[in-house]
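Working notes for the structure below.
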Amino acid sequence: MRKYFILVFAFLTTQALASEPPPGWHQDIPAGPANIEGVPVSGRLDSVSVADVLQAITALRDIGVKSSELVVVSGDEMHGYEANRDLGWFTAKRTKCVWTDHTEHPCWDAFGQGLPELKQPLHFIKSAQEVYIFPVVTPLEPHRDDAHMRLLGKDARDELADIFKDDDIWMRGLNSLMYPSTKDQTVGLLFRDSDHELVLFYQAYGRWTGTFDGEHLTGDFDPEKDKVFDAWEHKYAQAELGFGKTQ
């Protein structure tokens, strides 16, 4: 079985010349949780084949996601999780690719959501019924800290909503800036109501990452707006910025 996986994976990555899929292309996955190419796979396994899972894993790796778990949502969608589950899941979806013989065949593409392209969380920041703040002591590997959540007051929440209100606060496209370092401690924000939940981790230098209803998202503040948030942070988040530090 191991040899079979290696052969199929090699075929997918080298895109060998062929007009027909290789034998076993649509092989079913055995019932129950599976482990394919070292990745645990669960969910609706009866709706996908081994090749589907291999292609989804490859597509996720191509965007930098080293999947520690893959959940099959349907025959057309899978969710890939990294080891840090607080960063949510990335989406892999079935699409069509043109092979070297110019024929179309099913394949898989992967992506993560970005700000400001994903509008719903930006609108939710202004409408969420509750907004909490918590310390983030490892910004490069952020984690949600439920034990130290603090509900923000009206002034802090209003000023925060004002910072996030415009789409043009976000850099569009790829941020290729090379940051020499990051802050040793930042904050996280939790926006919540009865239907949705948005978590944002501030990683410093304008970079935000988090989840909206469990799905990964990321974005980069415009440098000038980043300065405005720094001022907000020092005004309202002294307890979180000093969390765990000795005097």
Side-chain angles (χ1 to χ4, degrees), residues 63-65 82 84 86-88 90 111-146 148-192 196-245:
I63 64 169
V65 179
E82 292 188 302
N84 184 356
D86 286 345
L87 294 180
F90 296 76
F111 57 90
Q113 296 288 3
L115 297 169
E117 292 78 13
L118 190 62
K119 303 296 184 183
Q120 193 175 4
L122 298 183
H123 295 155
F124 184 61
I125 287 173
K126 292 173 280 188
S127 64
Q129 296 169 357
E130 300 173 337
V131 183
Y132 296 84
I133 190 170
F134 57 91
V136 176
V137 296
T138 53
L140 293 181
E141 190 65 31
H143 292 280
R144 172 172 168 166
D145 188 348
D146 288 319
H148 300 97
M149 291 278 182
R150 178 170 64 89
L151 183 66
L152 288 176
K154 184 178 185 305
D155 289 345
R157 175 178 169 175
D158 288 348
E159 289 187 33
L160 189 65
D162 190 60
I163 293 172
F164 280 87
K165 69 180 181 181
D166 299 319
D167 286 359
D168 61 5
I169 66 175
W170 301 96
M171 295 180 64
R172 296 180 181 273
L174 177 66
N175 181 0
S176 60
L177 296 176
M178 298 296 292
Y179 303 126
S181 62
T182 186
K183 294 182 179 180
D184 60 356
Q185 195 151 318
T186 60
V187 301
L189 299 168
L190 168 64
F191 302 81
R192 185 167 64 191
H196 301 287
E197 188 173 89
L198 169 66
V199 179
L200 290 176
F201 302 106
Y202 182 52
Q203 294 187 287
Y205 302 103
R207 169 56 57 91
W208 290 87
T209 190
T211 62
F212 183 61
D213 291 342
E215 183 174 12
H216 178 85
L217 71 157
T218 189
D220 295 281
F221 261 177
D222 175 89
E224 291 303 313
K225 186 60 68 171
D226 189 44
K227 294 177 183 177
V228 176
F229 180 78
D230 275 344
W232 180 96
E233 191 180 37
H234 283 87
K235 182 178 180 180
Y236 291 109
Q238 285 301 313
E240 286 72 27
L241 292 176
F243 177 80
K245 294 181 179 178

Checklist line | F134-H148 aromatic ring centre distance below 6.0 Å | finding: no
Rounded to the nearest 0.5 angstrom, the OH-CZ distance for Y202 and R207 is 12.0 Å
In this structure, OG1 of T186 is separated from OH of Y205 (nearest 0.5 Å) by 11.5 Å
Smallest heavy-atom separation, P142 atom then L87 atom, equals CG-CD2, 3.9 Å
Would you please say whether a donor-acceptor pair under 3.5 Å links the side chains of Y132 and D146? no
d(L217 CG, F212 CZ) to nearest 0.5 Å is 9.0 Å
Rounded to the nearest 0.5 Å, the NZ atom of K227 sits from the CG atom of D222 at a distance of 9.5 Å
Inset, instruction - Anything under 30° is parallel, anything over 60° is perpendicular, the rest tilted; go ahead and classify W232 against Y236. - result: tilted
*Step-by-step side chain to side chain contact (heavy atoms under 4.5 Å, CB included) determination, K235 to E159*: CA-CA 11 Å; K235 182 178 180 180; E159 289 187 33; 3.1 Å; yes
Side chain to side chain contact (heavy atoms under 4.5 Å, CB included) for F164 and F221? Distances and angles first, verdict last. CA-CA 10 Å; F164 280 87; F221 261 177; 3.8 Å; yes
| said: L190 vs E197, test: side chain to side chain contact (heavy atoms under 4.5 Å, CB included). Steps then yes/no. | reply: CA-CA 7 Å; L190 168 64; E197 188 173 89; 3.3 Å; yes
Any Lys/Arg nitrogen of D162 or K165 sitting under 4.0 Å from an Asp/Glu carboxylate oxygen of the other? yes
Output for pair (M171 CE, D226 CG), nearest 0.5 Å, gives 10.5 Å
(request) Assess whether atom NZ of K154 is packed by more than 12 heavy atoms of other residues, nucleotides or ligands within 6.0 Å. (result) no
CZ (F124) and CZ (R192) are apart, to the nearest 0.5 Å, by 9.5 Å
> Can you find a pair of side-chain heavy atoms, one from V187 and one from L241, that are under 4.5 Å apart?
Replying inline: yes
